[in-house]
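Mind looking over this structure? Questions follow.
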Amino acid sequence: MKRKGTHSWRKAGRDSNLLKFAAFLLNYLSRSAILLLLPACTVSFSGDAPVRLRVAAASGLPLRSLDVFFFNDDPLRRLDSYQRFDNPSASVSGASRGGPKIVVALANSPSDKYSWADINSYERLMDTMSDYSAEDPGAPVMSGIARVDEGADRACEIALKPLLSRIEVASLSCDFHGRPYEGAVLEDVRIYLTNAGSLCPVFCGDKVVPGGFLNVGALNGSDMSRLAFPWMLQAEVESPVGAAVRNLGLTFYCYPNTSERDGLGTPFTRLVIEGTLLGRRYWYPLDIGRGALGLPEMPQGIVRGARYRYDITITRRGATSPDSPMETGTVRARLLGEDWQEGGNSTILFRHES
């Protein structure tokens, strides 16, 4: 026996299902049209499970631009999505599809977004090199990598670390006590870096040998003229340096160099003090990062995103060229090494389609 009202109830149910199906179809067609109009790697649409990416930059360094790459975390590691943000705010939105991902972030790249058009895999991106001549120490190139797993809580953090390291000459003095030229001063002093890396992998680790060098063995005017900021590698001291300690506060910048052997193609990066003593020119080259205090866990040499602070006392005549070894005891140098401090944070919110 049919109950009263059953037929009208079933009809309403069918109508409701038809409306739901129509809404679903319209949504699907709209989304397909968007996918046809935009490159797959830059499509942005809301999903049910966001990926929250917290980006922390080194202390005092701005984020003028941020390039974010999502790669599938599988054997092929193909590009899933890419977004670029100029002057990113505290929170911006991007897109990534579901599944385990490798997230790669690059800040302050001198390249525009179109330069990444041929990046289709993680391995291809890892081969990218950064050019020292295009570096801006006020907003240096920084990079970091993280992984995101499947699950409801899809979050990760990337600490953006500069490729550059800071080489600081805090103080300089001369102590010629007990020598025939006691009381002499070092004149026409200039300080610079030699064998400074010109190319560096954008996503290098703590151990790296640069892909080319500037000021090989000596200060090179041609190399210096290529730099947007030549003071990154060279400075002059305005007045003579004597027994009184001079607080210079000079800062130079260079790419990492952890060469295990000082040789052809793998020279150590050096801090060179050049000056005139008793009418003759001398050089005082120091291998940067060798025997640094404060970083016992780091390899010898210069590691990325580190700070090396020197207090230097010259005690005798120097070498006859900037690439010649000095006699033992020619220079007393106190070297302190430390990491670049972590600073401000930016939160990048990515939504993916499950």
Tell me whether T315 contacts the main-chain N or O of T330 through its side chain, where contact means a donor paired with an acceptor under 3.5 Å.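 At least one qualifying donor-acceptor pair exists.
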Audit row: T276, R281, side chain to side chain contact (heavy atoms under 4.5 Å, CB included) steps and yes/no: CA-CA 4 Å; T276 300; R281 205 70 174 162; 2.7 Å; yes
Could I get the full list of ring pair (Phe, Tyr, Trp, His ring centres under 6.0 Å) partners for Y284, not counting sequence neighbours?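 Ring pair (Phe, Tyr, Trp, His ring centres under 6.0 Å) list for Y284, sorted by chain: empty.
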Kindly indicate, with the supporting measurements, whether the criterion side chain to side chain contact (heavy atoms under 4.5 Å, CB included) is fulfilled by V241 and I273. CA-CA 11 Å; V241 177; I273 300 168; over 6 Å; no
Calculate, to the nearest 0.5 Å, the distance between atoms CZ and CD1 belonging to R332 and I314 respectively.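 It comes to 11.0 Å.
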Measure the spacing between CG of L193 and CD1 of I302 and express it to the nearest 0.5 Å.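 Here the rounded value is 7.5 Å.
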Under 3.5 Å, is there a donor-acceptor pair between the S133 and D131 side chains?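 Their side chains do contain a donor-acceptor pair, which is all the 3.5 Å distance test asks for.
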Less than 3.5 Å apart, which donor and acceptor atoms pair up between the side chains of residues 123-130 and the rest of the protein, not counting sequence neighbours?
residue : atom : partner : partner atom : Å
E123    : OE2  : R77     : NE           : 2.8
E123    : OE2  : R77     : NH2          : 2.4
R124    : NH2  : D118    : OD2          : 3.2
T128    : OG1  : L125    : O            : 2.9
S130    : OG   : Y255    : OH           : 2.9

For Y132, is there any backbone N or O sitting under 3.5 Å from a side-chain donor or acceptor partner on S198?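 No, S198 side chain to Y132 backbone: no donor-acceptor pair under 3.5 Å.
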May I ask you to decide if A139's main-chain N or O and R64's side chain share a donor-acceptor pair within less than 3.5 Å?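 No, the answer is negative, given that no donor and acceptor are paired below the 3.5 Å cut-off.
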Could you tell me the separation between the OH atom of Y310 and the CG atom of L335, rounded to the nearest 0.5 Å?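 If I round to the nearest 0.5 Å, the distance is 4.0 Å.
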How long is the span from the OG atom in S81 to the CG atom in N72, to the nearest 0.5 Å?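 With rounding to 0.5 Å, OG (S81) is 9.0 Å from CG (N72).
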From CA spacing to verdict: side chain to side chain contact (heavy atoms under 4.5 Å, CB included), N108, D136: CA-CA 9 Å; N108 303 332; D136 178 354; over 6 Å; no
When rounded to the nearest 0.5 angstrom, what distance separates CG in L106 from CD1 in I145?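 One gets 10.5 Å once the value is rounded to the nearest 0.5 Å.
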Nearest 0.5 Å, what's the CG-OH distance between L233 and Y253?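 The OH atom of Y253 is 11.5 Å from CG of L233, to the nearest 0.5 Å.
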Kindly determine whether R290 and D262 satisfy side chain to side chain contact (heavy atoms under 4.5 Å, CB included), including the steps that lead there. CA-CA 12 Å; R290 309 286 160 171; D262 184 26; over 6 Å; no
Ignoring hydrogens and geometry beyond distance, is a side-chain donor-acceptor pair present between R78 and S121 at under 3.5 Å?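 No, no side-chain donor-acceptor pair sits under 3.5 Å.
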Would you say the side-chain atoms of R317 pair up with the backbone N or O of L278, donor to acceptor, closer than 3.5 Å?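 Not a single qualifying donor-acceptor pair exists.
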Tell me the closest heavy-atom pair linking G305 and K161, and the distance in Å.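 Smallest interatomic distance, heavy atoms only, reads CA-CG, 3.9 Å.
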Output a table of donor-acceptor pairs, distance under 3.5 Å, between side-chain atoms of residues 219-229 and any protein atom two or more places apart or on a different chain; print 'none' if there are none.
residue : atom : partner : partner atom : Å
N220    : OD1  : S222    : N            : 2.9
N220    : OD1  : D223    : N            : 3.0
D223    : OD2  : N215    : N            : 2.9
S225    : OG   : S222    : O            : 2.7

Could you check whether atom CD of E182 has more than 12 heavy atoms from other residues, nucleotides or ligands sitting under 6.0 Å from it?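 More than 12 heavy atoms, drawn from other residues, nucleotides or ligands, come within 6.0 Å of this atom.
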